[in-house]
Amino acid sequence: MDRPTVIDTVKGEPKERQRFVFKQLLKRKNVVDLLGLLIPVVAFSFAPHFYSNEILLISMMIYIALAQGVNVIYGLTGYLPFGYVGFYGVGAYGTSLAILDLHVAPEIAIVIGGLVSAILALVLTPLLKLSGSYFAIATLATAEALYALIANPSLKNITQGPYGINIGAVYSSGGSYVVAVVLLGLSILTVVVIKRSRLGLALRAIRNDPVSASLSGVNVVLERTKAWVVAAAIAGLAGGVFAWTITIFYPSAVFDISISVFAIVFALFGGVGTTFGPIVGAVVLYGLYSYIGVTQPQYFQLIFGVIIVIFVLFLPKGVAGIANALIRRFRMRTIREEA
Amino acid sequence: MAGYMLEVEGVVKSFDGFKALNGVNLSVEKGEIVGLVGPNGCGKTTLVNVVSGIYRPDMGKICLDGKDITHMPTHKRVLHGINRTFQVPKPLSDMTVEENIDLAWHFGGKDNLARSSVLERTNLSETKYKVASMLTAAQQKRLDLARALATNPKVLFVDELGAGLSPSELSDIATMLKEIADTGVALVVVEHLLGFLESLTSRVVVLDAGKEIFEGRLKEAVKDERVIEVFLGG
Ligand SMILES: Nc1ncnc2c1ncn2[C@@H]1O[C@H](COP(=O)(O)OP(=O)(O)O)[C@@H](O)[C@H]1O
Ligand SMILES: [Mg+2]
């Protein structure tokens, strides 16, 4: 290996690095991420003491997790996954069947559900060759196909077909609540970790320009696949948590496209690419939906559709983007006034 | 065979039946600076794209340091030591200059390389914390160069780096490129400015219609009948 060295060897790099890491820790961005992780986890841990509808709280946590999954796949790579619910449904079924057939503990079954979804995502990586709306539609079709397969009466002996799942024997409201909080924390932590990892840097670069990214040595297909599989695993785990919470459900309940739509709307509304955005989006909009929407869901579907269009076209950075712009403007003004 | 860092043999590349490259050959030695010239549309940029893996050739063979890389994806070629700049610069525009370099260093570089020196060598130190989209076009071209250098290339293609630059800027670029070649990099410089190439290159390859028509010193090239015809008669 007598490879010519274009650049000189490092001098004093480790020290420079230490100082760099320390400076990084004190940055506003890091504090924001830490709060983005701690506030929701603490709040949802104590919420049942103040609010008794645990199912609603679990649903909200599931939606935060799904919105963070959308954040990973859409926010970091630009692929809009309308069929994201497919991984959720498969996770719910993977979990339930692991409980029924393998007789494992629900917590382990949920991990299996997440793994099954991750493996499915690996199988489906050719979808990533499609771009833009082709990808969105192809994932939608895939989710529908998975639903048709699982709900097929001829698979009754394996999936119970259209008759649905019953894992009532393992019902545990306390247990599923704890697992939901873990899911919540895990999904947020995933985004935080990815964003500051090499993977996060690579994904940002790919979004900027895939050709320049590959000329920097980035394996574009591999890095996108990683994000896709991670997002799928989050949805699978979320589906598993749902299955254990509800214990009795029809396949239509876990393959409902509006679950994808909700997750996307929450993520977009709050702001993809940020840690806080999808959390805020899910809490605000799902809260609002639960408050008014349950009685008149048709209006919410319409409103959410409009929100998707507006945010994708005009406000790609969501509420977080607006907040950031306001903060920046405010700062500029204070700087100008000081000067 | 011996000694060539890069060997391109009989490469053909068509777009909808139009042969942009028509059996082109090119060999470059370690530390050598070769000029690649020819009229607009003769296939210079296409050749750079094929060598860097952006396009796959329809026919032909590309070897780097004796290894066949014809069917390798771009990022693997980068790891094996090929890189290039773009005629229209292609920075990662939402990222800072530093982040652009960090990325190439992390994914394409070798552990014992210093990132900071790449910016010094390309005269971009002052722009370190600027977002790449805020740079001037000339700076963005140098950022392409810095990004390529951060991957420690063996062979580097530079596509019209000098276009639109003042004479003093051009001489800075020439010095910059010479320093890069002095470290052993095989450089291919695509350029229209013959004066610039005269001072820089040991030999030039003249392309016409996707095929080399002359190879040798620039002084002889300007006396060659076919070369004169292509440049003046076209
Ligand atoms: N992606 C492409 N699709 C179709 N035609 C192309 C493409 N890239 C290059 N060409 C054609 O190939 C020929 C060579 O182009 P190019 O390599 O850019 O020339 P040069 O860099 O020498 O000016 C031109 O006729 C150009 O129109
Ligand atoms: Mg060109």
Side-chain angles (χ1 to χ4, degrees), chain A residues 1-17 19-21 23-24 27 29 75-78 128-129 195-226 272-274 316-317 321 324 328, chain B residues 5 30-31 49 52-54 65 73-79 81-86 89-95 99-118 120-121 132-133 143-144 147-154 156 179-180 182-186:
Chain A
M1 285 307 237
D2 62 335
R3 193 158 174 192
T5 306
V6 179
I7 310 155
D8 326 313
T9 42
V10 182
K11 289 187 194 111
E13 182 93 341
K15 249 188 195 163
E16 196 182 293
R17 243 208 147 104
R19 228 177 300 141
F20 179 71
V21 168
K23 257 195 217 161
Q24 287 280 312
K27 271 191 184 166
K29 189 179 97 180
L76 302 180
T77 75
L128 293 173
K129 288 189 179 143
K195 271 175 59 187
R196 47 205 50 221
S197 68
R198 269 169 53 122
L199 173 61
L201 184 65
L203 293 174
R204 264 178 76 203
I206 294 169
R207 278 212 75 173
N208 261 262
D209 191 324
V211 170
S212 293
S214 64
L215 279 163
S216 303
V218 174
N219 184 339
V220 173
V221 175
L222 177 70
E223 303 299 331
R224 276 178 174 160
T225 303
K226 285 182 194 167
V272 286
T274 67
K317 287 183 179 165
N324 275 338
R328 223 173 296 132
Chain B
M5 191 53 95
K30 185 174 169 177
N49 283 333
S52 56
I54 312 296
D65 208 0
T74 298
H75 69 95
K76 276 204 184 139
R77 291 181 200 220
V78 168
L79 296 180
I82 291 225
N83 223 306
R84 54 87 59 90
T85 70
F86 290 90
K90 252 180 169 322
L92 300 164
S93 42
D94 294 345
M95 294 167 48
E99 287 170 332
N100 271 262
I101 301 309
D102 272 0
L103 182 84
W105 187 84
H106 272 301
F107 283 87
K110 299 290 164 274
D111 298 343
N112 61 344
L113 307 177
R115 278 168 279 189
S116 51
S117 76
V118 181
E120 275 161 35
R121 299 171 123 248
S133 60
L143 181 54
D144 268 3
R147 191 249 306 125
L149 287 180
T151 69
N152 198 17
K154 293 175 184 170
L156 179 55
E179 280 170 9
I180 292 169
D182 283 345
T183 64
V185 178

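First the proteins, then the strands, lettered A, B, ... as listed; each starts at 1.
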Query raised in the report: Tell me, side chain or backbone of A:V218 under 4.5 Å from chain B's heavy atoms, or both, or neither?
Result: both
Query raised in the report: Would the number of heavy atoms belonging to other residues, nucleotides or ligands and lying under 6.0 Å from NZ of B:K76 be above 12?
Result: no
Report task. Sort B:L103 into side chain, backbone, both or neither according to what part of it lies under 4.5 angstrom from a heavy atom of chain A. Result -> both
Report task. List the atom of B:F107, the atom of A:A202, and the distance in Å for their closest heavy-atom pair. Result -> CZ-CB, 3.5 Å
Report summary line: Given the options A:V221, A:N219, A:L222, A:L215, B:H75 meets side chain to side chain contact (heavy atoms under 4.5 Å, CB included) only with A:N219
Query raised in the report: CD1/B:I101 to OG/A:S216 distance, rounded to the nearest 0.5 angstrom?
Result: 8.0 Å
Report task. Check whether any side-chain N or O of A:R204 sits under 3.5 Å from a backbone N or O of B:M95 as a donor-acceptor pair, and report yes or no. Result -> no
Query raised in the report: Going through the checks in order, is the side-chain contact (heavy atoms from CB on, under 4.5 Å) test met by B:S93 and A:N208?
Result: CA-CA 7 Å; B:S93 42; A:N208 261 262; 3.7 Å; yes
Requested in this report: Return the minimal non-hydrogen interatomic distance between A:A205 and B:L92, and the atom names on each side.
Outcome: O-CD2, 3.5 Å
Query raised in the report: Closest heavy-atom contact between B:T74 and A:S214?
Result: CG2-OG, 3.5 Å
